[in-house]
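Written below as structure tokens is the structure these notes are about.
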Amino acid sequence: HLEEAAIGGHPDARAMLGAIEGHNGRVERSAKHFIIGAKLGHDFSLEMVKLGYQNGSVSKEDFASALRAHQAAVDATKSTQRDEGEAAQIH
């Protein structure tokens, strides 16, 4: 079911598959899952892509692409109405 969720666009599922693949020694597949998760706006996945870049398992181009797409995904979820709602909950 995890694969189906990942294919369906669930970033947590992508991160979990990335972790499983990494644990099983499939670094390249792990990196691909984390890159996709990061592009969907998943913060942990972006951190894993960053670590992959630092240790040489993720290219500079893939890291830069994931970083740009992550920021775009995060920006797409922002709205004035949501920000006002969150501010109202805090106070």
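- Within 6.0 Å of atom CD in E28, 12 or fewer heavy atoms from other residues, nucleotides or ligands are found, so the atom counts as exposed in its surroundings.
- The heavy-atom pair separating A31 from S57 by the smallest distance is CB-O, 4.4 Å.
- Within the 3.5 Å criterion, the main-chain N or O of R26 finds no donor-acceptor partner in the side chain of N24.
- Of all the heavy atoms in A15 and S45, the pair that sits closest is CB-OG, 3.6 Å.
- Here L46 contributes atom CG and I35 contributes atom CD1; the two are 10.5 Å apart, rounded to the nearest 0.5 Å.
- No continuous path of ILVMFWY side-chain contacts below 4.5 Å connects M48 to I36, so the two sit in separate hydrophobic clusters.
- Here the closest heavy-atom approach between residue A6 and residue A13 is recorded as N-CB, 3.6 Å.
- In this structure the side chain of L51 never reaches within 4.5 angstrom of the side chain of E47, judged on heavy atoms.
- To the nearest 0.5 Å, atom NZ of residue K39 and atom OG of residue S65 are 3.5 Å apart.
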Working for side chain to side chain contact (heavy atoms under 4.5 Å, CB included), residues D43 and H70:
CA-CA 8 Å; D43 294 332; H70 178 273; 2.9 Å; yes
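- Between R14 and H42 there is no side-chain heavy-atom pair separated by less than 4.5 Å.
- Classified by interplanar angle (parallel below 30°, tilted 30° to 60°, perpendicular above 60°), the ring pair F44/F34 is perpendicular.
- Hydrophobic cluster membership of L17, counting Ile, Leu, Val, Met, Phe, Trp and Tyr whose side-chain heavy atoms lie under 4.5 Å apart directly or via other members: L2, M16, I20.
- The minimum heavy-atom distance linking F63 with V58 is given by the pair N-CG1, 3.9 Å.
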